[in-house]
Amino acid sequence: MDREMTCFFCTELATLYLEGRLDKQRVTLVKAHIADCKNCKEYFKNLQSARNNLELLSSLQPPQEVVKLVQTERHPWQELVTEYGWRSWPATVRWATEISVFALSVVFVLRIVPWSDLGERVQKFRYNTAAHVTIPQNTEPFVADPSEKEPEPKPEIFGPPLPAGWVATSDASVEATPTPAVSQDKGYVWLGKLRVPRLTEDVADRVTQMVEEQGGRKAGQVELGWRKGSNRYYHFLMPEANYQQLIIKLNKEGLVSLVKTSHPRVIKDGHMRIIMTVEQDEEIR
Amino acid sequence: MELSEAQYKTVLRYFYFLLMDESQVLSATFKALKQISILKRKNPETDISIAIIRALHKSFKKLKIKSAQSRSASPHREWPFSDRSALLNWKELLKLGQTEYTEALVLRYVTGFTPEEIATALDMPVGTVIFRLNKGLAILASLTAEQVHG
């Protein structure tokens, strides 16, 4: 079908004409139109000029060293470094950044991590675990408040005279030697408590040391100084001969009170069994 | 990956025209080369030219093409534009912005791929490529004419 070559068609076919992709018939028609139409002639001229200039730009080559750089194999890390321009930063800025990062890491490790609490937390964990130890059936549980189970006759308190300013809960009479306790048929146990102004780890350790120095050894399942709530529990056997020394030493820590009570468990001659609780009493100053 | 020196230059030229900073050019080139190797690995039968065009097309979308208005006469020290009209064309080309016309013009005239190769690579009819070239050239020519004649 023959169609008249208008300006619209001419502009639409311009690139194909310049690319040399038009058939002979259309080329003839476009040439004829350009010869007659000033605007289309100008349009084609500008288009040709733009195309030529673009092709001129394409003849320019990139620098050879850049081409060589691109041709070599690059590690992904190198690509990352190139991309973020780390190497293009001034050396001083890079050093400063590296040192700052290192310093911040050190500060973080030293300040944020609770180094000082670690020791306490480990001990707490250990003692909390020990608190779950159950006492076997044959061990006499200690009665916390002697007044609830006050034996007849009146209890005897052993120990030297109290230092000035200390309050005694009962008679402070001291007997030189303990009552020979054991008969063949009936046993005894000394029940009592040591009240200290402030119960700390050091105090508990000292009491344990005192007991051990006087020949005391644990008589039950739990270790000397076992934690019982906020108190410390001591259940031990010791030679009767060392009893007085023990009382003297314990009185240096606080106020000790022991009650002799009968018990079906018989202890061998020359020894005595003591169940003592160490507790804090802030009224004692 | 086996590319000829001419193909490396083609890829470099593409980015040199569109970007100003040499570090950006290198970064974009490495990414495009990586993309080409991935495409070749996925489809070993693909022609290398098609793979290059596809990689360049993918890169084009991510580029940040800035206008040349605020720059000095020579965009890169290694590439002085001695011809004024060529320099003018380059600046006006960038004024077209990040459009399909710019991409078509650069792929056709700057990197030298044929309309058929471009059409195959980008999975579009040849007529669409020709249309974009036509439109791009027309806009470029009008912008250049404005600059020249005021």
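Letters A, B, ... are given to chains in the order of the sequence lines, protein chains preceding strands, and every chain is numbered from 1. The structure displayed is predicted, hence computed values, not measured ones. FYI, side chains are in, hydrogens and waters are out, and symmetry mates aren't considered; it's all heavy atoms of this structure.
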Original post:
For the side-chain hydrogen bond (donor to acceptor under 3.5 Å, both in side chains) test, which of Q64(A), Q71(A), K68(A) pairs with E5(B)?
Top reply: Q64(A)
**OP:** For each of V110(B), T29(B), L133(B), tally heavy-atom pairs with chain A at distances under 4.5 Å, and name the one with the top tally.
**Re:** V110(B)
Subject >> Heavy atoms of other groups near D123(B) CG, more than 12 under 6.0 Å >> reply: no
**OP:** Might you point out which heavy atoms bring N134(B) and T11(A) nearest each other, and give the distance in Å?
**Re:** ND2-O, 3.0 Å
**OP:** Among T15(A), L18(A), N52(A), single out the residue with the greatest number of heavy-atom pairs under 4.5 Å to chain B.
**Re:** T15(A)
Original post:
From R21(A) CZ over to E116(B) CD, what is the distance, rounded to the nearest 0.5 angstrom?
Top reply: 4.0 Å
**OP:** Specify the closest pair of heavy atoms between F30(B) and V70(A), including all atoms of both residues, with the distance to one decimal.
**Re:** CE2-CA, 4.0 Å
Subject >> Flag if over 12 foreign heavy atoms under 6.0 Å of CZ, R26(A) >> reply: no
Subject >> Contact class of E19(A) relative to chain B, heavy atoms under 4.5 angstrom >> reply: side chain
**OP:** For atom NZ of K135(B), decide whether the heavy atoms of other residues, nucleotides or ligands shown that lie under 6.0 angstrom number more than 12.
**Re:** no
Subject >> Flag if over 12 foreign heavy atoms under 6.0 Å of CG, N39(A) >> reply: no
Original post:
With a 4.5 Å limit on heavy-atom distance, are the side chains of V66(A) and V25(B) in contact?
Top reply: no
